[in-house]
Peer 1: 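Next up is a structure, given as C-alpha cells.
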Amino acid sequence: MRKKLLIIIGFAHLLTTPGKRSPDGKFREAIYSREVGREIKAKLEAAGYTVVFDYDGDKLPKTMQTPMAKLEQQRELALRAANVNEFCNQYGKENCIYVSIHVNASPPNDGKWHDARGWCVYTSPGRTKADDLATCLWYRADKNLPHVHKNAIRADWSDKDPDFEAALYVLTKTACPAVLTENLFQDNREDVAYLTSDEGRHAIERLHVEGIIDYIQKFMS
C-alpha cells in the first residue's frame with residue numbers, strides 16, 4: 001500500500017436538499033449515505049487505509065447558505081469538488097480515489113413509488129482510470145447483492161465495461177479517479193426494504209470496501 005494513498009468518500013446531498021427521499025418520507029438519501037459512508041470509512045481504516053469525507057456537514061457553511069434550492073445545490077457540489085481537489089493537491093492526484101455514495105430515483109421524481117430497481121455505478125464520459133475503479137466496484141456488487149430481478153445489477157456494456165457515463169459535476173470537476181454509485185432506488189418499496197435491512201446495509205458497505213481494496217491492489221500497488 002502506498003504511504004500517501006488517500007480514499008475520499010463522498011456523501012449525497014444535504015439535509016436541506018428538497019426531495020431525495022422515499023415517497024413515505026421514512027428513507028432519506030442524505031442520512032443513509034452518511035451512515036453507510038461512515039461504516040465504509042471505519043472498515044477501510046481497520047484495514048490500514050487513510051480515509052476522509054468530501055464534506056460531512058448536513059448543511060452548507062453559514063457563509064455559503066442561500067434560500068434558493070438550485071443555487072444551494074450548485075454551491076454544495078462546488079464545495080465537494082473543491083475539497084476533493086484540495087486533498088489531491090496535498091496527497092497527489094495519482095494517490096487519491098473518490099467514491100461518492102448515492103441512492104437512485106426514477107424520473108420525474110414525483111413523490112410516488114415506482115418499479116425501477118437495481119444498483120449501478122457512474123463515471124465521467126470517456127476512458128479514464130475511474131473506469132477501472134467502477135469495474136472493481138461493479139463486480140463486487142454483482143457478488144454481494146441478490147439477483148432477485150433482471151435489473152438487480154445494472155450495466156452499460158456498450159463500451160466494454162459495466163459503468164454508465166454522465167457528466168456529473170463531482171465526476172468531471174475532480175482531479176483524481178472518481179465514481180458515483182447509485183445504490184438501488186429510494187422510490188421502490190422492495191429496494192428500500194432491502195437497503196434498510198441489516199443484510200442490505202452490510203452488503204452495500206461490503207461491496208464498497210471490497211471494490212475499493214480490489215482497485216488499490218490491482219492498480220495502485
Side-chain angles (χ1 to χ4, degrees), residues 4-22 27-45 49-105 107 109 120-126 128-131 133-134 137 163-183 186 204-205 208-209 211-212 215:
K4 293 179 63 178
L5 177 65
L6 184 70
I7 301 163
I8 308 165
I9 299 295
F11 290 147
H13 313 295
L14 303 168
L15 291 184
T16 51
T17 305
K20 312 302 180 185
R21 65 190 69 195
S22 60
F27 179 95
R28 298 190 65 181
E29 182 181 2
I31 294 174
Y32 188 84
S33 172
R34 284 158 175 76
E35 291 175 348
V36 168
R38 291 186 179 108
E39 287 299 318
I40 293 169
K41 181 177 185 289
K43 289 177 171 62
L44 287 168
E45 288 176 337
Y49 296 95
T50 302
V51 187
V52 296
F53 298 131
D54 61 351
Y55 176 67
D56 62 356
D58 295 332
K59 300 178 181 179
L60 285 176
K62 288 186 177 181
T63 55
M64 299 180 68
Q65 290 178 8
T66 170
M68 299 175 60
K70 185 175 182 180
L71 181 57
E72 179 184 75
Q73 288 180 278
Q74 292 172 350
R75 290 179 177 180
E76 175 214 344
L77 294 173
L79 175 62
R80 293 188 188 280
N83 288 345
V84 171
N85 288 334
E86 180 56 31
F87 287 128
C88 291
N89 290 336
Q90 293 175 21
Y91 283 77
K93 64 182 182 180
E94 69 279 4
N95 297 313
C96 298
I97 58 173
Y98 178 43
V99 179
S100 186
I101 301 167
H102 290 246
V103 182
N104 218 335
N109 194 19
C120 67
V121 58
Y122 280 86
T123 66
S124 59
T128 69
K129 292 180 179 179
D131 291 68
L133 174 56
L137 287 162
D163 61 87
F164 291 85
E165 295 186 350
L168 303 175
Y169 193 97
V170 295
L171 302 183
T172 60
K173 302 297 183 180
T174 45
C176 62
V179 304
L180 185 149
T181 60
E182 291 281 17
N183 296 280
Q186 61 196 287
I204 296 297
E205 295 165 2
H208 284 88
V209 172
I212 288 168
Y215 176 80

Peer 1: Determine which pairs satisfy side-chain hydrogen bond (donor to acceptor under 3.5 Å, both in side chains) with at least one residue from residues 31-42, sequence neighbours left out, and list them in order.
Peer 2: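 Of all non-adjacent pairs touching residues 31-42, those that pass side-chain hydrogen bond (donor to acceptor under 3.5 Å, both in side chains) are Arg34-Asp58, Glu35-Arg201, Glu39-Lys43, Lys41-Glu45.
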Peer 1: Tell me, which pairs form a side-chain hydrogen bond (donor to acceptor under 3.5 Å, both in side chains) where one or both residues lie in residues 59-72, sequence neighbours left out?
Peer 2: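 Those involving residues 59-72 are Thr16-Glu72.
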Peer 1: State which residues pass salt bridge (Lys or Arg N to Asp or Glu O under 4.0 Å) with Asp54; sequence neighbours excluded, sorted by chain then number.
Peer 2: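 Result, salt bridge (Lys or Arg N to Asp or Glu O under 4.0 Å) vs Asp54: Arg80.
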Peer 1: Look up atom OG1 in Thr123 and atom CG in Leu137, then write down how far apart they are to the nearest 0.5 Å.
Peer 2: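 Here the interatomic distance stands at 11.5 Å.
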Peer 1: Checking Tyr215 now: which residues fulfil ring-ring contact (aromatic ring centres under 6.0 Å, His included) with it, not counting sequence neighbours?
Peer 2: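 Per chain and number, Tyr215 pairs via ring-ring contact (aromatic ring centres under 6.0 Å, His included) with Phe219.
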Peer 1: In Å, rounded to the nearest 0.5 Å, how long is the span from OG1 of Thr181 to NE2 of His102?
Peer 2: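 If I round to the nearest 0.5 Å, the distance is 7.5 Å.
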Peer 1: With Ala166, which residues qualify under side chain to side chain contact (heavy atoms under 4.5 Å, CB included), at least two apart?
Peer 2: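 Ala166 satisfies side chain to side chain contact (heavy atoms under 4.5 Å, CB included) with Tyr122, Leu168 only.
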Peer 1: In Å and rounded to the nearest 0.5 Å, what is the SG to CG distance from Cys96 to Leu5?
Peer 2: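 Cys96 atom SG to Leu5 atom CG measures 7.5 Å (nearest 0.5 Å).
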Peer 1: Tell me the closest heavy-atom pair linking Asp163 and Ala134, and the distance in Å.
Peer 2: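 Shortest heavy-atom separation between Asp163 and Ala134 comes out as CB-CB, 3.8 Å.
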Peer 1: Identify which one of Leu133, Val84, Ile97 satisfies the side chain to side chain contact (heavy atoms under 4.5 Å, CB included) criterion when paired with Cys176.
Peer 2: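 Of the listed residues Leu133, Val84, Ile97, the side chain to side chain contact (heavy atoms under 4.5 Å, CB included) partner of Cys176 is Val84.
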Peer 1: Sequence neighbours left out, what passes ring-ring contact (aromatic ring centres under 6.0 Å, His included) with Phe87? Give chain and number order.
Peer 2: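 Once residues adjacent in sequence are excluded, Phe87 has no partner under the ring-ring contact (aromatic ring centres under 6.0 Å, His included) criterion.
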Peer 1: Is there a side chain to side chain contact (heavy atoms under 4.5 Å, CB included) between Val170 and Leu77? Walk through the geometry before answering.
Peer 2: CA-CA 7 Å; Val170 295; Leu77 294 173; 3.9 Å; yes
Peer 1: Please find the pair of heavy atoms, one from Pro177 and one from Lys93, that lie closest to each other, and give the distance.
Peer 2: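 Shortest heavy-atom contact: CD-O, 4.1 Å.
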Peer 1: When rounded to the nearest 0.5 angstrom, what is the spacing between CG in Leu60 and CG in Leu71?
Peer 2: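 These two atoms lie 9.0 Å from each other.
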Peer 1: Can you list every ring pair (Phe, Tyr, Trp, His ring centres under 6.0 Å) pair that touches residues 52-81, not counting sequence neighbours?
Peer 2: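 Every pair satisfying ring pair (Phe, Tyr, Trp, His ring centres under 6.0 Å) with a residue in residues 52-81: Phe11-Phe53.
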Peer 1: How many angstroms lie between atom CG of Leu44 and atom CD1 of Ile9, to the nearest 0.5 angstrom?
Peer 2: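 One finds 6.0 Å between CG of Leu44 and CD1 of Ile9.
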Peer 1: Please check: side-chain N/O of Arg75 versus main-chain N/O of Gln73, any donor-acceptor pairing under 3.5 Å?
Peer 2: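 Side chain of Arg75 to backbone of Gln73, a donor-acceptor pair under 3.5 Å: no, none is there.
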Peer 1: Short question: side chain of Gln186, backbone of Val103 - any donor-acceptor pair under 3.5 Å?
Peer 2: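 Yes, the answer is positive, given that a donor and an acceptor are paired below the 3.5 Å cut-off.
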Peer 1: Do Thr50 and Tyr91 come close enough that some side-chain heavy atom pair is under 4.5 Å?
Peer 2: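 Yes, side chains in contact.
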Peer 1: What do the steps show when you test Leu15 against Ile31 for side chain to side chain contact (heavy atoms under 4.5 Å, CB included), and what is the final call?
Peer 2: CA-CA 8 Å; Leu15 291 184; Ile31 294 174; 3.6 Å; yes
Peer 1: Is Val36 close to Asn183 at the side-chain level, that is, under 4.5 Å between some pair of heavy atoms?
Peer 2: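 No - every pair of side-chain heavy atoms lies 4.5 Å or more apart.
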Peer 1: Mind checking the OH-CG spacing from Tyr98 to Asn85? Nearest 0.5 Å is all I need.
Peer 2: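 CG of Asn85 is found 10.0 Å from OH of Tyr98.
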Peer 1: Please list, chain by chain and in numerical order, all residues satisfying ring-ring contact (aromatic ring centres under 6.0 Å, His included) with His208, sequence neighbours excluded.
Peer 2: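 Scan of His208 (ring-ring contact (aromatic ring centres under 6.0 Å, His included), adjacent residues dropped) gives none.
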